[in-house]
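The block underneath contains the structure these notes are about, expressed in structure tokens.
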Amino acid sequence: GMRQDTLLHSCGLADLVTTCYGGRNRKCAEAFVREGKEWKVLEAELLGGQKLQGTLTSHHVHDLLVKKNLAHRFPFFETIHKIVTGEAEPSQIVAQAGSYY
């Protein structure tokens, strides 16, 4: 296991951002938005047996933020988690990002 505070430091956040933008995560996220298929279907169709890391990571980040009572301080991560779980539309990520400017 990792130390829980590791994720809340800049190196942990940088790793998370890199994971979310790279390779299979980006490929499946794009297909998720375009095709609206479930994550497991996209893994099977696009990854040939490999698993996504980004969706699993979003669950872990959410659980940690809730446990530490910090979810309200990380609305962007919470929006990602809601999109992954189907609680929000992918367009919400644009609306969330726009709220910072």
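Only a predicted model underlies this, so the values are computations on that prediction, with no experimental measurement involved.
Using cut-offs of 30° and 60° on the angle between ring planes, the pair H81 and H59 is perpendicular.
Annotation for L42 and K37: closest pair CD1-O, 3.8 Å, computed over non-hydrogen atoms. Here the closest heavy-atom approach between residue L52 and residue T55 is recorded as CB-OG1, 3.7 Å. For the residue pair V84 and W39, the shortest heavy atom distance occurs at O-NE1, 3.0 Å.
Within the 4.5 Å cutoff, the side chain of Q50 has no heavy atoms near those of the E43 side chain. Under the 4.5 Å side-chain criterion, counting only non-hydrogen atoms from C-beta, V61 is not in contact with F74. Looking at K51 and L47, their side chains never come closer than 4.5 Å, going by heavy atoms from C-beta outward.
Atom SG of residue C28 and atom CD of residue E45 lie 9.5 Å apart, to the nearest 0.5 angstrom. To the nearest 0.5 angstrom, L56 atom CG is 10.0 Å from N25 atom CG.
Within a 6.0 Å radius of CD in E38, no more than 12 heavy atoms belonging to other residues, nucleotides or ligands are found.
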Yes or no on side-chain hydrogen bond (donor to acceptor under 3.5 Å, both in side chains) for E87 and T85, after CA distance, side-chain angles and deciding distance? CA-CA 6 Å; E87 297 173 52; T85 60; 2.8 Å; yes
Decide side chain to side chain contact (heavy atoms under 4.5 Å, CB included) for L46 and R24; before the verdict, give the C-alpha distance in whole Å, the side-chain angles of both, and the deciding distance to 0.1 Å. CA-CA 8 Å; L46 299 175; R24 58 187 161 188; over 6 Å; no
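Cluster annotation: F32 and V94 are assigned to the same hydrophobic cluster (Ile/Leu/Val/Met/Phe/Trp/Tyr, side-chain heavy-atom contacts under 4.5 Å, transitive).
E78 and K82 are not joined by a salt bridge, as no carboxylate oxygen comes within less than 4.0 angstrom of a charged side-chain nitrogen.
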